[in-house]
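Note that ligands are numbered from 1 as they come in the structure, with each ligand's atoms numbered from 1 the same way.
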Amino acid sequence: MSEYHMKKMQHKLKKNLDENRYEHTMGVRYTCAALAMRYQYDLEKAQVAGLLHDCAKCIPDKQKIRLCRKNHIEITQAELDSPYLLHAKAGAYIAREDYGVEDEEILSAIACHTTGKAEMTLLDKIVYIADYIEPHRNTAPCLNEIRMLAFEDIDKAMYTILKNTLDYLAEKGKAIDPMTQVSFEYFSKLMKEKEG
Ligand code: DGI
Ligand code: FE
Ligand code: FE
């Protein structure tokens, strides 16, 4: 018996997401499963995290801010400046309240899927990477290399994606969330130690 009713979650997501976001969500779900096979993580938990990672994505910004304030979820300056970032934390809250997920590993992976964080767990990394490489994604640079790297060296894949994200944000003149910077520096240090 599995603990989660994924069909039911899928049905609910279909109602709460637009069509593209739903397709992306399915891509992330199966990419999470593939990475979980490679890195020996619980397949069901990986798929639930993938399914729910963007469950708050289609909530309007004002409503996300309201939801966070009402439930005492801290909003940082970076999130106030770019409220779309809040879909990660708000998503973890909705996954718990509306989808009945109590597993802290899954909730953590949802909460940090946009910026990453230092000392990410295996599931945090699986969801973060799957979000970037799932089959519908097609605009990021070097995607084919990163897709291969994801199955070869998970930390190096994290480092490369974070580096690309920082380059992209700089190019677009978007504000960097301190958490994205912290994540990059964490994986940067890890790479140096490994290659040291
Ligand atoms: O929700 P998705 O589109 O599937 O993916 P996501 O949750 O990883 O969000 C990706 C977007 O978030 C992408 O356009 C880059 C942006 N992002 C990531 N880190 C930061 C950021 N945006 C800002 N302003 N600051 C960040 O540090
Ligand atoms: Fe997202
Ligand atoms: Fe996503």
Side-chain angles (χ1 to χ4, degrees), residues 9-10 13-14 16-35 46-61 63-65 67-68 73-95 99 101 106-118 120 123-143 146-147 150 157-188:
M9 287 178 178
Q10 217 172 298
L13 285 165
K14 198 156 201 170
N16 289 324
L17 300 175
D18 64 40
E19 199 178 335
N20 285 342
R21 188 56 46 181
Y22 181 78
E23 291 304 321
H24 160 72
T25 292
M26 291 304 132
V28 174
R29 173 204 179 153
Y30 291 116
T31 307
C32 281
L35 288 167
Q47 289 183 83
V48 169
L51 267 178
L52 297 180
H53 83 286
D54 272 342
C55 69
K57 187 76 178 185
C58 295
I59 301 175
D61 285 344
Q63 213 172 310
K64 279 198 294 278
I65 293 173
L67 179 141
C68 288
I73 297 165
E74 191 208 355
I75 304 175
T76 63
Q77 188 58 46
E79 287 163 341
L80 265 186
D81 296 341
S82 314
Y84 64 87
L85 292 169
L86 272 180
H87 79 279
K89 280 183 191 172
Y93 178 81
I94 288 170
Y99 292 82
V101 173
I106 296 176
L107 298 173
S108 158
I110 298 171
C112 75
H113 87 264
T114 303
T115 60
K117 65 181 181 188
M120 290 166 81
L123 184 60
D124 292 340
K125 294 185 237 184
I126 286 175
V127 174
Y128 185 92
I129 292 171
D131 193 21
Y132 199 83
I133 67 169
E134 66 93 2
H136 300 90
R137 296 283 205 207
N138 56 18
T139 53
C142 309
L143 255 185
I146 295 172
R147 283 180 171 132
M158 280 300 311
Y159 169 80
T160 309
I161 295 172
L162 281 159
K163 188 168 187 319
N164 279 0
T165 300
L166 287 177
D167 288 347
Y168 164 84
L169 293 171
E171 191 190 310
K172 295 273 170 192
K174 289 193 179 186
I176 292 162
D177 187 310
M179 206 57 148
T180 309
Q181 192 64 41
V182 163
S183 313
F184 174 70
E185 273 155 28
Y186 173 80
F187 285 99
S188 231

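Side-chain contact between Glu79 and Lys64 is absent, with no heavy atoms from C-beta onward closer than 4.5 Å. Inter-residue side-chain proximity for Asn164 and Tyr132 is flagged as met; some heavy-atom pair is nearer than 4.5 Å. At a threshold of 4.5 Å between non-hydrogen side-chain atoms, the residues Tyr99 and Val48 do not count as touching. Counting heavy atoms from C-beta on, the side chains of Leu85 and Thr76 never come closer than 4.5 Å.
Nearest heavy atom pair, residue Lys174 against residue Tyr168, reads NZ-OH, 4.1 Å.
Judged purely by distance below 3.5 Å, without hydrogens or angles, the side chains of Asp177 and Ser82 never pair a donor atom with an acceptor atom.
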Donor-acceptor contacts, no H, no angles, side chain residues 18-35, under 3.5 Å, sequence neighbours left out:
| unit_1 | atom_1 | unit_2 | atom_2 | d |
| --- | --- | --- | --- | --- |
| Asp18 | OD1 | Asn20 | N | 3.2 |
| Asp18 | OD1 | Arg21 | N | 2.9 |
| Arg21 | NH1 | Asp54 | OD2 | 2.8 |
| Tyr22 | OH | Gln10 | NE2 | 3.3 |
| His24 | ND1 | Glu134 | OE2 | 2.8 |
| His24 | NE2 | His53 | NE2 | 3.2 |
| His24 | NE2 | Asp54 | OD2 | 3.2 |
| His24 | NE2 | Asp131 | OD1 | 2.9 |
| Thr25 | OG1 | Arg21 | O | 2.8 |
| Arg29 | NE | Gln47 | OE1 | 2.9 |
| Arg29 | NH1 | Gln10 | OE1 | 2.8 |
| Arg29 | NH2 | Gln47 | OE1 | 3.2 |
| Thr31 | OG1 | Gly27 | O | 2.7 |

May I have the list of side-chain donor-acceptor pairs in residues 178-188 shorter than 3.5 Å, sequence neighbours left out?
| unit_1 | atom_1 | unit_2 | atom_2 | d |
| --- | --- | --- | --- | --- |
| Gln181 | NE2 | Glu185 | OE2 | 2.9 |
| Ser183 | OG | Thr115 | O | 2.9 |
| Ser183 | OG | Gly116 | O | 3.4 |
| Ser183 | OG | Lys117 | N | 3.0 |
| Ser183 | OG | Met179 | O | 2.6 |

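Take a cut-off of 2.8 Å around the Fe ion (ligand 2): the protein N, O or S atoms inside it are Asp54 OD1, His87 NE2, His113 NE2.
Checked by atom type and distance alone, the side chain of Gln63 never pairs as donor or acceptor with a backbone atom of Pro60 at under 3.5 Å.
Protein residues lining ligand 1, listed by chain and number: Arg21, His24, Asp54, Lys57, Ser82, Tyr84, Leu85, His87, His113, Thr114, Asp131, Arg137, Thr165, Tyr168, Leu169, Ala175, Ile176, Asp177, Thr180 [non-hydrogen atoms, distance under 4.0 Å].
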